[in-house]
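Chain A is the first sequence line, chain B the second, and so forth, proteins listed ahead of strands; every chain is numbered from 1. Because the structure is predicted, anything quoted here is derived from the model rather than measured.
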Amino acid sequence: MRPTIDKTLLIVLLITFLTSIFLIFNWVPQIKASNEAEQIAQKIFYFHVPSAWLGFMSFFVVFVASVAYLATRQRRWELISVASAEIGVLFITLVLITGPIWAKPVWGIWWTWDARLTSSLILWLIYVAFLMLRRYLPDGSKRANLSAVVGIIGFIDVPIVYYSIRWWETQHPNAVMASGEGSLAGPMFFTFMFSLATFTILYAYILRKRYQLLELEDTLNKQFKEMEIL
Amino acid sequence: MRTAFSILQKDLRMEFRSKESILAMWIFSLLIFVIFNFTFEVSRLVMLEIAPGLLWVAFIFSGMFGLNHSFAVEKEDGNLRSMALMPVDGGQIYLGKFLSVTIIMLMFEFLIFPIFIIFYDLQLSFQMFLLIPVILAGTIGFTSLGTILSAVAVHTRNQQILLSLLLWPLVSPIIIWSVNLTGMVLGGGEIGAVFFPLLIRVAAFDVIFFTIAYMLFDFILED
Amino acid sequence: MRTAFSILQKDLRMEFRSKESILAMWIFSLLIFVIFNFTFEVSRLVMLEIAPGLLWVAFIFSGMFGLNHSFAVEKEDGNLRSMALMPVDGGQIYLGKFLSVTIIMLMFEFLIFPIFIIFYDLQLSFQMFLLIPVILAGTIGFTSLGTILSAVAVHTRNQQILLSLLLWPLVSPIIIWSVNLTGMVLGGGEIGAVFFPLLIRVAAFDVIFFTIAYMLFDFILED
Amino acid sequence: MAVPALHLEKVSKDFGRIIALRNIDLKVEPGEFLSILGRNGAGKTTLLNIISGVSRPSSGSVQLFGTDPGDRENKAKLAVISHEMFLYGNLTALENLEYYGRMYSVNDLEQRIKTVLHEVELTHRRFDLVAAFSRGMTQRLTIARAILHQPSLLLLDEPFTGLDQQAIGMLIDLLKSQKELGRTILLTTHDLHTAKVLSERYIILEKHQIMQDGLMTETNPDEIRKKYFSPLEKAEMS
Amino acid sequence: MAVPALHLEKVSKDFGRIIALRNIDLKVEPGEFLSILGRNGAGKTTLLNIISGVSRPSSGSVQLFGTDPGDRENKAKLAVISHEMFLYGNLTALENLEYYGRMYSVNDLEQRIKTVLHEVELTHRRFDLVAAFSRGMTQRLTIARAILHQPSLLLLDEPFTGLDQQAIGMLIDLLKSQKELGRTILLTTHDLHTAKVLSERYIILEKHQIMQDGLMTETNPDEIRKKYFSPLEKAEMS
Ligand code: HEM
Ligand SMILES: Nc1ncnc2c1ncn2[C@@H]1O[C@H](COP(=O)(O)OP(=O)(O)OP(=O)(O)O)[C@@H](O)[C@H]1O
Ligand SMILES: Nc1ncnc2c1ncn2[C@@H]1O[C@H](COP(=O)(O)OP(=O)(O)OP(=O)(O)O)[C@@H](O)[C@H]1O
Ligand SMILES: [Mg+2]
Ligand SMILES: [Mg+2]
């Protein structure tokens with residue numbers, strides 16, 4: 001059963017991935033920009049924003065899994081929360097890498113203490129701390145409890161982090177999606193949605209794989225122990 | 001409530017075992033400022049601009065000190081474990097620890113503040129009373145999160161560094177707002193329309209943080 | 001020398017028991033900067049003016065962290081007492097501890113510095129190499145005093161606060177000079193005639209502090 | 001019949017690579033006095049930690065008086081003496097007891113404190129900081145703290161450590177009287193003699209399992225000793 | 001004749017209000033095995049601390065092998081086992097021994113470490129962090145650490161704490177062989193039986209003074225016990 005799901009996911013992922021690459025680089029019309037570098041850089045949009053959204057979603061999953069863990073004390077919720085946190089950090093890292101790459105040609109600087117940038121960084125730090133905490137604690141129920149608690153508090157903080165920054169004048173484009181599809185014309189909108197879908201499948205796939213890996217580790221440990229005793 | 005109060009009483013008693021503790025705290029506060037001052041040898045104008053930030057950085061560092069100390073004491077002879085054995089509500093323990101940490105941090109702030117006024121030659125005005133709720137709200141936000149995260153970090157070998165890693169990012173919005181609010185008050189101008197809504201927002205988040213931490217603390221104590 | 005080296009080895013081994021320690025240090029350094037940045041929401045110009053001070057404040061705080069940690073470990077299971085029992089020279093113990101604390105602090109600084117450069121968007125120039133002796137001299141001054149004073153403070157219940165009370169006033173001249181020197185380098189202008197004499201002065205004080213501490217350390221170990 | 005005071009089923013515990021307990025099945029009736037014997041590292045302390053609820057088993061179930069060890073009522077009934085002192089060095093003996101008494105909602109606290117302090121002969125030192133106590137005095141205070149709330153289940157991990165002859169006698173008498181009051185007591189000790197004097201039942205932990213569960217009266221002490229003496233290396237390595 | 005291994009004259013020690021030792025006169029010849037007995041808080045640990053030079057007497061003079069206890073050669077000859085473990089929890093057993101070995105400039109360190117680890121039966125756990133050790137295992141490692149540099153004067157403060165029967169036997173054998181090698185040993189313990197087995201001479205501390213200084217062989221153990229059993233309260237209050 002499992003391998004079939006994984007295989008299907010992988011195939012779908014490959015197809016959508018290749019398609020979105022095609023859409024982004026060959027199909028969607030170029031934006032008008034003052035120079036070529038900017039034009040090319042704009043392509044990053046289709047990686048940058050979906051990464052950010054999926055990052056948020058990963059952290060939401062961490063939150064849900066943490067609550068579920070404390071409610072049920074089932075190991076699998078712990079594993080899901082870890083896996084999702086790792087992927088979330090990965091995605092936000094992507095945002096933090098693609099952002100500056102985009103910023104350099106557009107704004108002329110790599111980094112500025114802009115609201116969105118700062119809050120992204122803080123978000124990243126919150127979940128890196130979450131992962132660090134797990135590394136410092138020995139495996140066991142204590143670790144599961146503590147990290148679930150941090151997983152919950154961490155997520156509650158996320159909206160606040162984003163709220164707090166509204167007090168800053170911001171250089172970063174704001175809510176393109178919300179402020180009007182007008183700015184995101186047909187093909188661009190389609191490409192963006194397609195890219196988003198690709199990232200979502202990517203997320204699902206990595207999450208499954210990572211979870212399976214963690215489970216495997218558990219079984220392996222158990223077997224080791226059995227062997228050691230006998 | 002009696003439980004929380006007993007914990008508070010014990011903590012304050014240990015903290016102020018000797019009268020010198022208060023003196024030490026006072027000198028420590030003074031030093032934080034002195035060190036900032038001589039390190040930033042800048043024009044008075046610049047100084048004034050960064051003053052609210054400096055004030056809060058000083059608060060944060062004294063707060064970190066208080067948090068670390070408060071939980072190091074619990075760790076010393078396995079007392080953290082003995083807390084887990086007591087037939088009391090985790091929330092009560094949280095409340096007790098929260099109160100003691102908050103009181104100590106407020107005390108630091110109370111000691112720091114006059115030094116701050118003197119060093120920056122700020123004129124006292126009626127408006128400054130507005131700083132009381134600002135400092136209170138910011139401090140409670142810091143300690144409500146700090147207390148539970150200290151209880152988490154104390155289980156690791158690298159307690160201090162981990163507390164910083166966990167707490168600072170999470171508490172940063174509260175600190176940003178507090179710095180903003182402090183700036184508004186110290187700016188001397190009219191208190192704009194944004195002041196009170198922002199203050200209320202900080203207070204609201206204090207309540208949220210506190211409530212969540214209160215509810216989650218039980219999970220930290222048990223294994 | 002072998003003794004000092006053994007202590008150094010043991011300390012570094014404990015510090016970097018896990019590879020995560022380095023990562024944690026790095027994030028901690030990053031955080032120090034982030035916290036300063038969002039706390040001081042000021043114009044870029046002002047930022048640049050206070051940059052050297054900020055840099056050193058960040059150094060000092062990470063240094064305090066390193067010092068506290070290094071001696072807390074010794075205190076844990078009475079190891080400080082076991083040092084007093086060892087047939088080795090107090091000076092050697094001092095040297096070992098000094099080296100480990102210095103190396104850890106330099107590592108922090110090494111991690112902090114690139115973040116500093118990026119966040120302040122400083123342009124790298126050849127002149128910046130002059131910061132190496134400046135940071136080295138300032139750091140050694142801080143740790144040579146810090147090591148011996150930590151060993152004093154660790155005997156008290158209020159270790160952390162006491163260390164600050166003892167260390168900061170004593171080390172303040174070194175820090176002020178280091179900030180000045182850093183400002184000169186970062187200012188980007190010509191390195192004035194005052195730079196080298198000042199640097200040498202800091203180095204001279206380092207030597208003095210180190211020598212005195214080296215000689216006095218025996219007395220701290222014994223009861 | 002009534003629920004057992006303690007019921008462990010298939011309890012295992014490991015710390016990462018290291019195994020501490022394996023498939024422990026144990027039932028202790030109210031009023032029983034059980035000695036837990038075993039070599040260093042056999043898992044005695046770990047077992048007590050699991051029973052007290054401080055530590056969770058990696059697998060298996062634990063019940064105290066028919067419910068979870070973490071339940072409030074169970075905690076109120078429980079007293080633990082462990083390696084750790086559970087005392088604040090920076091408080092006086094009296095302040096420590098007061099604090100614990102309040103946390104356990106002890107009735108007539110002042111009188112109780114007087115009683116237990118007298119029992120462990122520390123009345124004259126009650127105003128001194130615990131940090132300045134000698135090892136044996138600290139252990140005495142630990143005992144005072146543990147019995148302050150008149151627990152009905154006592155978990156004692158090498159409680160005789162550091163005590164002088166007289167205090168050992170005192171503690172033995174105390175435990176005997178606790179037993180007569182119908183309290184359930186679990187004791188780990190390496191002193192077979194004391195174990196024999198106090199308890200009727202014993203278990204020996206070996207290879208992290210219960211190797212022997214028997215009655216003191218029916219077993220020859222030399223036999224116990226022999227079993228207990230199995231080589232450490234072998235037990236650990238396998 | 002040769003200088004005594006240990007010579008105390010009119011040694012007193014107080015901690016502020018609290019008196020720990022009063023006018024102690026003591027001479028121990030090289031090769032002697034002395035047991036120090038006394039009630040909790042009598043001052044045994046304080047006495048050992050003063051002898052090891054960790055703590056300075058408030059008044060009086062202490063000499064080890066004719067010189068100050070703080071002398072480098074004296075330190076190299078000395079081994080101390082105290083309540084504190086003198087081990088780093090965050091290092092493995094092996095790393096701890098390596099560190100101590102280097103500090104004491106032990107010759108052929110690797111071999112020595114192997115020997116002592118084998119002696120305390122911890123070879124199989126040498127790569128584990130000390131923080132994860134059980135109490136008895138930690139005590140074993142403490143013993144290994146103390147004898148690593150083949151000291152000629154051993155100060156042992158309740159060294160049997162936490163050890164299992166077998167380890168106690170091991171330590172007794174070890175101490176006997178040390179005695180045969182002509183080493184001077186001072187031991188505090190509350191276990192009169194072990195003291196009697198090991199040492200020829202004993203002192204009893206009471207009211208912070210030496211109340212009795214005699215030979216084990218000449219004294220009836222019951223007599224010792226009786227003296228030793230004097231009420232704590234009275235002894236302390238004076
Ligand atoms: C270091 C740099 C950057 C970081 C950390 C960053 C971070 C983010 C994040 C977290 C989002 C998702 C926000 C949301 O969906 O609510 C986002 C969206 C976006 N970013 Fe960036 N960004 C960076 C640089 C840039 C640059 C240089 C540009 C282009 C000028 C840019 C353009 C956008 C756009 C157009 C969106 C979509 C906004 C929306 O859908 O609401 N970003 N960025
Ligand atoms: N926190 C921990 N981390 C890793 N291993 C541990 C931990 N606590 C105990 N262990 C291991 O579990 C095993 C059992 O330890 P435990 O303390 O229960 O032994 P014990 O029977 O009480 O021994 P002792 O007689 O020495 O007190 C030991 O091998 C020990 O190393
Ligand atoms: N650091 C200290 N500060 C204050 N008083 C102390 C200190 N150390 C010991 N004392 C006091 O000195 C006296 C002797 O203590 P010591 O530890 O020497 O007793 P001991 O004979 O070793 O007792 P035990 O058998 O309990 O180990 C005690 O009254 C103790 O309270
Ligand atoms: Mg044990
Ligand atoms: Mg003692």
Part of A:Arg135 within contact of chain B (heavy atom distance under 4.5 Å): neither
Need one label for B:Leu167: side chain, backbone, both or neither, based on atoms under 4.5 Å from any heavy atom in chain A. neither
Side chain / backbone / both / neither for A:Val150 at chain B, heavy atoms under 4.5 Å: side chain
The side-chain contact (heavy atoms from CB on, under 4.5 Å) partner of A:Ile153 among B:Ile148, B:Leu166, B:Val152 is B:Ile148
B:Leu165 vs A:Leu125, test: side-chain contact (heavy atoms from CB on, under 4.5 Å). Steps then yes/no. CA-CA 8 Å; B:Leu165 297 193; A:Leu125 286 167; over 6 Å; no
Of the backbone (N, CA, C, O) and the side chain (C-beta and beyond), which part of A:Ile152 lies under 4.5 Å from a heavy atom of chain B, both, or neither? side chain
So which of A:Ile156, A:Leu123, A:Asn145 has the biggest tally of heavy-atom pairs under 4.5 Å with chain B? A:Asn145
Under a 4.5 Å cutoff for heavy-atom pairs, which residue among A:Val158, A:Leu133, A:Leu137 has the most contacts with chain B? A:Leu133
Just how far is it from atom CD1 of B:Ile161 to atom CE of A:Met132, taken to the nearest 0.5 Å? 8.0 Å
What do you reckon, is NZ of A:Lys222 surrounded by more than 12 foreign heavy atoms closer than 6.0 Å? no
Under 4.5 Å heavy-atom distance to chain A, tell me which part of B:Phe219 shows up: side chain, backbone, both or neither. both
Nearest 0.5 Å please: distance from the OH atom of A:Tyr136 over to the CG atom of B:Leu162. 7.0 Å
Segment of B:Ile220 engaging chain A (4.5 angstrom heavy-atom cut-off): both
Okay, B:Leu216 and chain A: the region with an atom under 4.5 Å from a heavy atom over there is both
If you compare all heavy atoms of A:Lys142 against all heavy atoms of B:Leu221, which two are closest, and at what distance to 0.1 Å? NZ-O, 3.2 Å
Cut-off 4.5 Å, heavy atoms of chain B, and the answer for A:Ile122 is both
Pairwise distance CZ(A:Phe155) to CD1(B:Ile212) - rounded to 0.5 angstrom: 11.5 Å
With heavy-atom distances below 4.5 Å as the criterion, would you say the side chains of B:Phe209 and A:Asp157 are in contact? yes
